[in-house]
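Here's the structure we're looking at; comments come further down.
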Number of protein chains: 2
Amino acid sequence: MPSAPAHRPTAGTEGLRRENTASVLRALRRLGPATRAELAKDTGLAKATVGVIVSALEAAGAVAEQGSRPGARGRPGRPVALRGERFLGLGLELNVDYVAAVVLDLAGRVHVRETRPASSVDDLLDLARSVWDGCSGPDRALVGATVALPALVRADNRTVAWAPNLEAHGDDIAARVSQVVPAGDVRVTNDANCAAYAEAHHGAARGVRHALYLTGTVGIGAGILQDGELVRGGAGFAGEVGHMPVGDSAAVCGCGRRGCWEASVGLKAMLAAVGMPELDTPLVTAEAVADRAASDGGVRAGLERVGHDLGLGIAMLSSVLDPTVIVLGGYFAPLGELVLEPARRTLDERLASQVQVRPALRPSTLGIEAAALGAAEQCFDPVFSGSTDLTA
Amino acid sequence: MPSAPAHRPTAGTEGLRRENTASVLRALRRLGPATRAELAKDTGLAKATVGVIVSALEAAGAVAEQGSRPGARGRPGRPVALRGERFLGLGLELNVDYVAAVVLDLAGRVHVRETRPASSVDDLLDLARSVWDGCSGPDRALVGATVALPALVRADNRTVAWAPNLEAHGDDIAARVSQVVPAGDVRVTNDANCAAYAEAHHGAARGVRHALYLTGTVGIGAGILQDGELVRGGAGFAGEVGHMPVGDSAAVCGCGRRGCWEASVGLKAMLAAVGMPELDTPLVTAEAVADRAASDGGVRAGLERVGHDLGLGIAMLSSVLDPTVIVLGGYFAPLGELVLEPARRTLDERLASQVQVRPALRPSTLGIEAAALGAAEQCFDPVFSGSTDLTA
DNA sequence: ACTATTAAGTACGAGACTCGAATTAAAGTC
DNA sequence: GACTTTAATTCGAGTCTCGTACTTAATAGT
């Protein structure tokens, strides 16, 4: 059988408490402010148990009571809500032309989001320091920090196996981040995975348990969510879709081979198709292209071709993964329906069977900080899964 | 966030016991016979707790003590092993040209395996009845039955969305099976998923947590294992890789489109490539081809071409999923290295980066009952996950 | 204004479970 | 034969959840 590591999330009764506490926290995140009675019904726990758990969370500063909501019959409940003032998560992104940081709180609200045009680890550390300085306080605790990189990150969430266009050795990024901010646990992850996570928690795929995120810049990356969890693969390299043999089989890719998907739908291929130059950043470039498309039929035709090849790859990925929603990020987002519409048509042609429902194709709405936001959200993973206890 | 259903595997202390009991059972399955002390070390539970759990399992007939193993210093431990005489799982497969059944016990041993050339639901029920008659007994309990179908089965594990070549409405198969055998819980699943499960528990991918199974008959199907769990997709249709646009883009597929992968590497495409006729069953046909290849260079060249296109699709799937091991079943198994070797070469050429390790390509060794075996194994899922309690 | 009704939250005792330490048991070693 | 070593059980303490009964706080009705 698949030899599972002897994982022990529970074992003793205090582990059981952790588990149930996490269950209450998840319910609060999902429902928003809720009374103890509502939490009991949602989690299936006894009212008494919920009462004890809520008290502990309140003492820890994780939740707070709100004013009661009158109007109904009977004694009005006293709603409890996640507090954003105590526990924070820091998400960082180091990319080829910018660094970004997002501070998220337990309630899912963004405290800070900042992006700077830069590309070195030192720039990232500077940003992390300044962002945290603006958030820290005597009653603030940083539950973790996560660094998103456009790189192949191993399944250990620490070491980088391959980072083209990035002068980050990566192995020590985690260590350097933890010297700059007081985060107990610092992890390193792939940027597309982070962005997928962000879309599923805050963006166009909110609440969707099977989603696929595609980011388009020079390369194409994917983040896969299967039943709410990121698909990482054996070594941690799942989602490296840029070099799949899809699209124009003659197109020459930066990797030296031909026929890679990103040689057909990557930023440079798109620009070649519409006959426009590359500007400062992929996003600015794509916005310029979208503007021009309004008046230029040739540009629209070029985007039509890109959209078709995009749909081809999406058909492939849909057949394999059967996602409910596919979110398009990176330079695809500004182009929106200009590429999504032809992609949908191709998808309809290519879909495996009549029964298979076409996944929803949506542009990302999270902007350039998507990956950093997802990274910040990942910091709360241990909290909502019950492996960390905030009341300790 | 991905709105998780408020799943309650634990909650109270008796749920905790179930969880820990399942942990002990998993350890026994993984380690084989083990003393209470060894189980305590492996599971992380206290010795006292393991003692109580083992007593309960022994009373339920799930485990039994073996003769002690002397030789070491100190008091010899009394090893405990999973008993195969009490709890059984029934796996059934209904395919286009045969029906198959496997009875598996808690210890992972196969009690019966039988295949008959047939293709109707009635034939399957006959087989189920006769197989169970040969196994049932006063002290025997059937923990469940699982039916594997070459069909799109919805995520509810009951209803069939699409079953080409199969006159099974499917929605009532589960009900009819539970009338024939005394299985509490009857599930319906996709055959490739079942076979993947079988390979991961008993076959060429044993102990591997990230594996991919590919079966080749007339169509091509995949089963995906991500961290030991089957990837099902949003509707339950993940792994439908047969109609991905891969290989010869001009090849006409049975679905009416062109360029589908199975139009390049399906059974009929392979036969066309080697210029040989189809025999009774895919396996017999493939064996004949393998025989001929020993002496016929033209056949070898044809298989070379099929292997190349196989490698192309595998490269795609590897980029997306990053499996550690890929198992080739169906008609690919008899052909073995004749197609695997060229597939490996293509894979090496196409692999995304130098860092990415090539997954191991292995032929299946489980034979025609692979899917039925995996179906039987799935019956024990609730037992090893702790949602069912054998000691109740 | 007063009572009945409805629902939320709490107090409390019972029950289940795990854990660590102490104890008993069964070998081999000197 | 005494000692050592390791296995397994016993026992008491501690933690947790649960159901019931009770208290509290609002509205609805008379």
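Below, chain A is the first sequence line, B the second, and so on; all start at residue 1. Note that these values count all heavy atoms, side chains included, but never hydrogens, waters or copies made by symmetry. In this text the structure is predicted, and so the values were computed from the model without any measurement.
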For the side chain of A:L45, counting heavy atoms from C-beta on, which of C:dA27, D:dA26, D:dC18 is nearest? D:dC18

Mind calculating the distance between NZ (B:K41) and P (D:dA8) to the nearest angstrom? 13 Å

Check the phosphate of D:dT9 against B:R36, side-chain N and O only, distance under 4.0 Å to OP1 or OP2. Yes or no? yes

Phosphate-side-chain proximity, A:R17 and D:dT15, N/O vs OP1/OP2 below 4.0 Å: no

Compare side-chain N and O positions of B:T13 against OP1 and OP2 of D:dT17 and report whether any pair is under 4.0 Å apart. no

Please report the C-alpha distance between A:D139 and A:E85 in whole Å, then the side-chain angles of each, then the deciding distance to 0.1 Å, and finally whether the side chain to side chain contact (heavy atoms under 4.5 Å, CB included) criterion is met. CA-CA 8 Å; A:D139 200 40; A:E85 287 78 32; 5.6 Å; no

Salt bridge between B:E58 and B:R78, side-chain N to carboxylate O under 4.0 Å? no

Heavy atoms from C-beta onward define the side chain here; which of C:dG20, D:dA25, C:dG15 lies closest to that of B:A48? C:dG20

Does a side-chain N or O from A:R78 land closer than 4.0 Å to OP1 or OP2 of C:dA8, or not? no

Verify side chain to side chain contact (heavy atoms under 4.5 Å, CB included) between B:T388 and B:V143, making sure each step is shown before the conclusion. CA-CA 9 Å; B:T388 288; B:V143 298; over 6 Å; no

Could you state the atom-to-atom distance from CG of B:L39 to P of D:dA8 in whole Å? 9 Å

To the nearest Å, give me how far apart CG (B:L16) and P (D:dC18) are. 12 Å

B:N20 side chain N/O closer than 4.0 Å to the phosphate oxygens (OP1, OP2) of C:dT18? yes

Just checking A:A37: base, sugar-phosphate only, or nothing, at a heavy-atom cut-off of under 4.0 Å? sugar-phosphate

Taken to the nearest whole Å, CZ/A:R69 to P/D:dA25 is 18 Å

Taking all non-hydrogen atoms of both residues, which atom of B:R18 and which atom of B:D389 are closest, and how far apart? CD-CB, 3.5 Å

Whole angstroms only, please: what is the CD-P distance between B:E14 and D:dG19? 9 Å

State which of C:dT29, D:dT17, D:dT15 makes the closest approach to the side chain of B:R73. C:dT29

Nearest-Å distance for atom pair NZ/P, residues A:K47 and D:dT24: 15 Å

Ignoring hydrogens and angles, answer whether the base of C:dA8 and the side-chain atoms of A:R75 contain a donor-acceptor pair closer than 3.5 Å. yes

Proximal nucleotide (of C:dC19, D:dT17, D:dA26) relative to the A:T49 side chain: D:dT17

Stepwise side chain to side chain contact (heavy atoms under 4.5 Å, CB included) check, B:L106 with B:R83: CA-CA 7 Å; B:L106 185 62; B:R83 270 187 81 219; over 6 Å; no

Nucleotide C:dT18, atom P - distance to CZ of A:R18 in whole Å: 15 Å

Starting at atom CD of A:E19, determine the distance to atom C1' of C:dT18, rounded to an integer number of angstrom. 16 Å

